[in-house]
There are 2 protein chains.
Amino acid sequence: MSDRKSLESLFHLVHALKRQLFEQAEQLNVNLTPMHIRVMKIIDRKKPCTAIDIASFLRRDKAQVTRLVNTLIEKDLISKEPNPNDKRSHYLCVTESGTRLVDEIAKIDANTMQMMTKNLSEEELSEFQRISSLMSKNLEAR
Amino acid sequence: MSDRKSLESLFHLVHALKRQLFEQAEQLNVNLTPMHIRVMKIIDRKKPCTAIDIASFLRRDKAQVTRLVNTLIEKDLISKEPNPNDKRSHYLCVTESGTRLVDEIAKIDANTMQMMTKNLSEEELSEFQRISSLMSKNLEAR
DNA sequence: AATTATAGTTGACATTATCAATTACATTGC
DNA sequence: GCAATGTAATTGATAATGTCAACTATAATT
């Protein structure tokens with residue numbers, strides 16, 4: 001069960017979290033996926049924000065970002081503004097209805113976070129995050 | 001960056017780990033995916049093992065397990081034996097070539113684990129696993 | 001014996017992800 | 001200034017993972 005040298009506990013957490021995020025997305029009633037929601041949060045936080053910013057933050061292919069962004073534009077949650085420094089690029093901006101969605105996301109997010117960490121101390125949580133960062137850096141440093 | 005109340009560090013770890021597992025799978029040169037490899041490990045460890053055992057351990061749909069198992073059978077890595085207690089069900093058994101693969105997997109796995117946790121103490125690692133378990137239980141308990 | 005439950009399979013489909021090729025613009029070095 | 005090279009974004013193709021619903025066959029329950 002508690003195999004010191006196995007990743008099962010992490011795998012199970014990841015899977016449970018994924019399901020949780022899908023349910024979160026459903027609660028928003030706006031037909032978006034978890035990745036769309038992550039992108040909304042990123043655009044809301046980082047201003048100005050380009051597609052490349054999103055791709056590099058998420059460490060994802062630009063192709064995926066383009067498609068996620070397109071859906072968000074179709075749904076009038078974000079808009080593309082010209083990037084004065086680079087005609088190839090655009091600034092992505094949260095619209096009014098996008099802002100309302102981001103507010104909803106924040107509330108639901110807080111609930112999830114609280115549920116997930118309800119019996120953990122601040123120290124345990126930050127320790128968990130510190131170790132997560134170390135491990136991902138170990139994997140990425142190659 | 002180090003947002004106390006965000007899951008970004010975990011998300012990044014998950015993504016880095018996923019990439020790592022794909023590379024592991026490629027190293028095996030047997031055209032299997034990370035999930036196939038997880039299933040091989042499960043069948044090897046749990047004897048006897050049925051498809052339902054795998055589904056419940058992975059918390060995955062039976063449909064997915066059926067397909068993963070079928071690929072492994074096609075590649076002669078596991079075989080289906082009759083389950084004497086239930087004619088609907090089968091015992092899944094690692095074949096000879098499957099056993100050789102499992103051995104290779106173990107080696108590559110150990111390398112990954114070492115790389116990922118190289119600057120972590122035993123205590124940190126087990127703390128990480130303890131917290132992971134707690135969080136996934138929190139999410140699953142509903 | 002009839003009803004209900006379970007093991008496994010199959011088909012359809014959504015989400016996430018990557019790669020390669022392309023277009024348009026930007027930057028660098030001559 | 002201009003050629004070469006690099007970068008932002010898009011599009012098409014495709015793979016891996018995951019879920020749901022419907023189904024068959026067998027098991028368990030009443």
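Chain naming here is simple, since letters A, B, ... match the order of the sequence lines and numbering starts at 1 in each. A quick note: this is a predicted structure, and the numbers were derived from the prediction, not measured.
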Report the distance from atom [atom1] of [X] to atom [atom2] of [N], rounded to the nearest whole Å.
X	N	atom1	atom2	result
N83(A)	dA24(C)	CG	C1'	14 Å
L58(A)	dA9(D)	CG	C1'	16 Å
K87(B)	dA28(D)	NZ	P	11 Å
R88(A)	dA9(D)	CZ	P	8 Å
D86(A)	dT7(D)	CG	P	12 Å
L92(A)	dT10(D)	CG	C1'	14 Å
Y91(B)	dG8(C)	OH	C1'	15 Å
N85(A)	dC25(C)	CG	C1'	13 Å

CA sep, side-chain torsions, deciding dist, call: Y91(B), N85(B), side chain to side chain donor-acceptor pair (under 3.5 Å): CA-CA 10 Å; Y91(B) 286 159; N85(B) 307 314; 3.2 Å; yes
Criterion side chain to side chain donor-acceptor pair (under 3.5 Å) on H12(A) and S9(A), from CA distance to verdict: CA-CA 5 Å; H12(A) 284 161; S9(A) 56; over 6 Å; no
Candidate pair S79(B) and E81(B), rule side chain to side chain donor-acceptor pair (under 3.5 Å), full reasoning: CA-CA 6 Å; S79(B) 65; E81(B) 309 297 338; 2.8 Å; yes
Presence of T66(B) side-chain N/O under 4.0 Å of dT9(C) phosphate oxygens OP1/OP2: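 Yes.
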Nucleic acid footprint by protein, nucleotides 14-24 of chain D - heavy-atom cut-off 4.0 Å, B for base, S for sugar-phosphate alone: --SSSBB----
Salt bridge check, [Y] against [X]: does any charged N sit closer than 4.0 Å to a carboxylate O?
X	Y	answer
R130(B)	E124(A)	yes
E8(B)	K41(A)	no
E140(B)	R59(B)	yes
E23(B)	K18(B)	no

Any donor-acceptor N/O pair, Q129(A) side chain to S6(B) backbone, under 3.5 Å: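 It does hold such a pair.
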Pair pattern of DNA chain D in dot-bracket, where unpaired bases get dots and | marks partners in another strand, Watson-Crick or G-U under 3.5 angstrom: ||||||||||||||||||||||||||||||
NZ (K46(B)) with more than 12 external heavy atoms under 6.0 Å: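 Atom NZ in K46(B) is crowded, with more than 12 foreign heavy atoms closer than 6.0 Å.
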